[in-house]
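Input: one structure, supplied below.
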Amino acid sequence: MSNKVKILINNMSVEIDNDLTILEAARLLNIDIPTFCHDDRLNPTGSCRMCVVEVEGARNLMTACSTKVRDGMVVRTNTKNVVETRKGILELMWANHPNECLVCEKSGECKLQDYSYQYNVNPDSIFKPLNSRDFIDNSNEFYTFDSRKCILCGKCVQICSELQMTSAIGFDERGIDTHIKIKQHDDSIDGVIDLYKCVSCGNCVNNCPVGALMPKTKDKYRNWEVDKIKTTCPYCGVGCQFNLVVKDNKVVRVEPVKGGTNDGLLCVKGSFGYKFINHPDRLKQPLIKKDGVFVESTWEEAMDLIVKKINETKAKHGPNAFSGLSSAKCTNEENYLMQKLVRAGFGTNNVDHCARLCHASTVAGLATTLGSGAMTNSISEIGGTDTFLVIGSNTTETHPVIGVMIKQRVKKGAKLIVADPRKIELANMANVHLQIKPGTNVALANGLMNVIYNEGLYDKEFINKNTNNLEDLLEVIKEYTPEKAAEICGVSKEDIVKAARLYASADRAAIYYAMGITQHSSGTNHVKSMANLALMTGNVGKESTGINPLRGQNNVQGACDMGALPDVLPGYQKVFDDAVAKKYEKAWGVSLSREVGHTLPIMMNEASSQDIKFMYIMGENPVVSDPDTNHIKKALTNLDFLVVQDIFLTQTAEFADVVLPAASYAEKDGTFTNTERRVQRIRKAVTIKGNARSDWEILSELLTRLGLEANYNNAEDIFKEMASLTPIYAGLDYDRIDDNGMQWPCPTSNHPGTKYLYKDGFTKLGKAIFTPIEHLGPQELPDSEYPLILTTGRTLYHFHTKTMTDRVEGLKATVPDNFIQVSPDTAKQYQLKHNEFITVSSRRGSSVAKVQITDTIDDGVVFMPFHFADGANMLTNPALDDICNIPEFKVCAVKVNKC
Ligand code: SF4
């Protein structure tokens with residue numbers, strides 16, 4: 001309990017809580033106290049001692065950042081003693097610091113430089129004894145550590161251990177030899193996160209107060225030469241906020257923004273993954289394929305050809321011969337226009353995007369059990385969760401900043417259950433790691449519920465008030481005793497019991513899941529099982545609880561929200577709802593189909609069989625991202641006409657008849673919606689390369705050429721039209737979301753947005769629905785010919801099909817090759833050597849991969865990342881979930897052979 005106290009600083013009085021520090025009190029009075037090591041997010045240590053102040057009655061000077069206020073305290077921040085002491089501290093720092101301000105990249109934003117100027121310290125007049133801090137560690141791909149410039153304030157050590165939770169940085173040696181040491185990632189095991197070794201997040205670099213930790217960059221700039229434009233990270237669905245630092249129309253650095261979604265933290269891709277923007281491979285001119293070769297064309301020529309082909313195809317084959325793939329990497333505005341083009345311009349609902357491949361089962365599973373297919377709670381609520389169940393999510397690699405937040409909370413005492421076929425990084429700090437066989441999530445959930453119900457740990461009051469269908473669920477789960485579930489899942493029954501008790505006994509328990517749950521031929525049922533578990537324990541509709549699907553790409557949530565799906569218009573309004581269709585018909589001035597369109601896998605089947613003739617792909621790369629690559633290549637080859645719109649000539653674009661060059665996220669305005677339903681701005685920081693255009697500009701022109709109304713002057717005009725037709729976005733506009741974004745549903749202009757769903761119950765469905773689900777298992781299991789189970793996923797250092805990360809030197813160098821993880825016993829059985837290249841084959845194709853022998857994976861199970869062309873998806877099984885058509889990426893049978 002904090003009480004108010006009154007203190008006097010420099011004769012000014014302030015009344016504040018007694019749990020605050022002198023530094024915080026001084027800031028309330030606008031009194032500046034210098035610090036090197038302080039950061040509001042860290043435990044104050046006073047280690048740099050620069051913030052010393054005089055406290056009446058105290059024998060020594062006190063550090064303002066670590067001294068708590070008390071009633072009647074009298075503080076002086078600017079006495080002669082204080083000033084001389086700070087000056088002495090600066091002189092000591094200069095004794096070990098080279099006088100290189102003239103050539104130092106940090107010049108202009110260096111605290112040592114600023115304070116030396118402020119306190120009249122002249123580095124040239126200071127004696128410099130020899131010391132051991134004379135090395136430069138250049139071994140990291142992304143940053144340099146110059147020990148000569150280090151002032152030993154320890155901020156990087158704290159950032160790494162308290163915020164990033166990696167603890168790769170520490171002090172080494174003693175006394176005059178003390179220096180900072182960074183445990184670097186071991187390149188010999190690329191793709192595997194080493195505990196306590198640097199993950200190159202850059203959070204230390206972004207917070208170093210001097211020039212000791214600096215990004216490796218070829219772009220020189222001074223602080224006063226640059227503009228800083230706040231925007232949203234283009235990689236994963238966390239939606240981290242950062243500034244693009246721009247000099248001469250070029251992005252030269254990224255700086256995180258404190259507060260908001262990520263509160264100043266970034267991962268390696270956010271901090272250093274921006275260099276693709278200026279990569280020479282960027283498409284700058286439309287291309288038309290002539291005699292099998294791409295030839296540069298004008299926009300006029302390319303657009304004329306596309307419109308001609310659209311008209312010809314429509315006349316000859318009708319609207320169902322068209323399909324369009326929208327993009328989870330593009331903005332909401334662009335996704336809105338893409339589905340408008342397909343629906344209003346082509347006349348079909350054959351529009352989809354890669355959410356089909358990652359969270360289609362979430363949208364289907366949660367919408368039918370709870371009412372809405374999105375993350376129920378917010379990222380900031382992680383700080384209040386008592387127990388986490390992280391299942392099928394390698395969070396620290398796929399959603400690194402959320403992974404870090406979970407680690408922070410667990411360090412503070414929250415419990416952690418991890419269910420994953422691999423011993424992922426989070427498993428190392430878990431109370432229970434259930435190393436389940438791939439594809440056994442339903443059996444595990446049923447086993448957990450069996451224990452929870454039989455031990456009376458369920459929330460009877462919540463169930464009675466909020467749910468239907470418990471009896472049917474109980475009929476099924478009674479069969480899933482811990483023994484039976486343990487046998488199916490390949491874990492111990494004791495661990496299932498322990499996990500059930502941990503999850504059910506918490507005040508606030510939250511489930512976090514990703515594609516380990518969704519990418520199965522029964523994926524919708526896996527998602528519904530998660531809903532069952534949360535509902536049984538009353539962990540929905542409360543802060544810091546919920547069912548939280550972590551959406552993979554930067555705007556996959558937004559692309560779904562915008563109706564880039566074959567069954568819904570924007571805001572999940574059904575295409576067959578006549579009132580909804582009429583609303584859009586009135587707004588767009590055309591009649592619309594009420595027939596549900598084809599999902600992405602069915603479109604590919606239809607293209608393969610030549611029933612679909614024309615495909616328009618915006619910012620997607622199905623040749624790498626979709627299962628069974630050979631099938632996808634055949635489908636694209638069989639099309640009459642393919643348009644691909646992208647920033648690079650992707651593996652998919654190679655199959656196109658026309659390629660349209662698009663703008664990157666740094667070159668346009670718009671919005672992305674992150675995994676917690678937060679609609680955030682992206683802002684144009686640099687001009688578009690060559691003759692490329694924003695996706696929304698390209699689509700607007702095409703709509704106009706097809707005779708449709710598309711008079712948009714900017715992205716905001718599109719947002720306004722979309723919001724006027726989309727109830728969950730109706731209360732949002734660019735002004736309201738400008739600062740920190742806002743979370744849908746936000747139905748009116750005075751609605752504050754929705755931090756967590758179902759606070760007032762399950763209003764859409766009346767009550768939430770328990771779904772009885774039997775364990776079915778994967779459709780393809782190992783046999784004598786293909787004896788191993790392949791499971792797939794992502795790595796920290798790449799994103800999706802690598803179109804961007806392959807054009808960032810450090811990321812490419814860190815994980816250069818396709819790899820396969822095998823256990824030591826599996827390696828022995830097949831005589832595989834670490835780092836050798838082998839051939840991995842399934843019934844659908846073969847791939848070459850570098851062997852990593854690791855004890856993080858079970859015997860008989862192997863893992864490959866899905867980022868590489870001719871990699872994992874040459875092998876994966878295209879078997880589909882009947883309900884939502886998500887393919888079974890997570891399990892197929894393979895064999896390994898020497899190359
Ligand atoms: Fe970008 Fe995701 Fe990393 Fe944040 S966690 S910096 S959004 S890739």
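All of these numbers come straight from a predicted model, not from anything done at the bench. Numbering of ligands and ligand atoms starts at 1, following listing order.
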Quiz item: Considering residues, nucleotides and ligands other than K812, do more than 12 of their heavy atoms fall under 6.0 Å from its NZ?
Solution: no
Practice problem: Compute the minimum heavy-atom distance from L266 to ligand 1 and say whether it is under 4.0 Å. | Solution: yes
Self-check item: Check: V238 main-chain N/O paired with N262 side-chain donor or acceptor under 3.5 Å
Solution: no
Practice problem: Number the atoms of ligand 1 from 1 as they appear, then name those within less than 4.0 Å of a heavy atom of G239, with their elements. | Solution: 7 (S)
Quiz item: Is K329 paired with E620 through a side-chain N to carboxylate O contact shorter than 4.0 Å?
Solution: no
Self-check item: Plane angle bin for F866 and H800 - parallel if under 30°, tilted between 30 and 60°, otherwise perpendicular
Solution: perpendicular
Practice problem: Answer yes or no for C240: is there an N/O/S atom below the 2.8 Å cut-off from atom 4 (Fe) of ligand 1? | Solution: yes
Exercise. Assess C233: does it contribute an N, O or S atom lying under 2.8 Å from atom 1 (Fe) of ligand 1?
Key: yes
Quiz prompt | Atoms of ligand 1, numbered as shown, that sit under 4.0 Å from any heavy atom of G270 | solution = 6 (S)
Quiz prompt | Proximity winner for atom 3 (Fe) of ligand 1, if only heavy atoms of S271, G273, P256, C267 are counted | solution = C267
Quiz item: Once the angle between the rings of H867 and H798 is folded into 0 to 90°, is it parallel (under 30°), tilted (30 to 60°) or perpendicular (over 60°)?
Solution: tilted
Quiz item: Are any side-chain N or O atoms of Y572 and backbone N or O atoms of D561, one a donor and one an acceptor, separated by less than 3.5 Å?
Solution: yes
Quiz item: Of the protein's non-hydrogen atoms, which lies at the shortest distance from atom 2 (Fe) of ligand 1, and what is that distance?
Solution: C236 SG, 2.3 Å
Practice problem: Find all atoms of ligand 1 within a distance of less than 4.0 Å from any non-hydrogen atom belonging to Y235, and give their numbers and elements. | Solution: 8 (S)
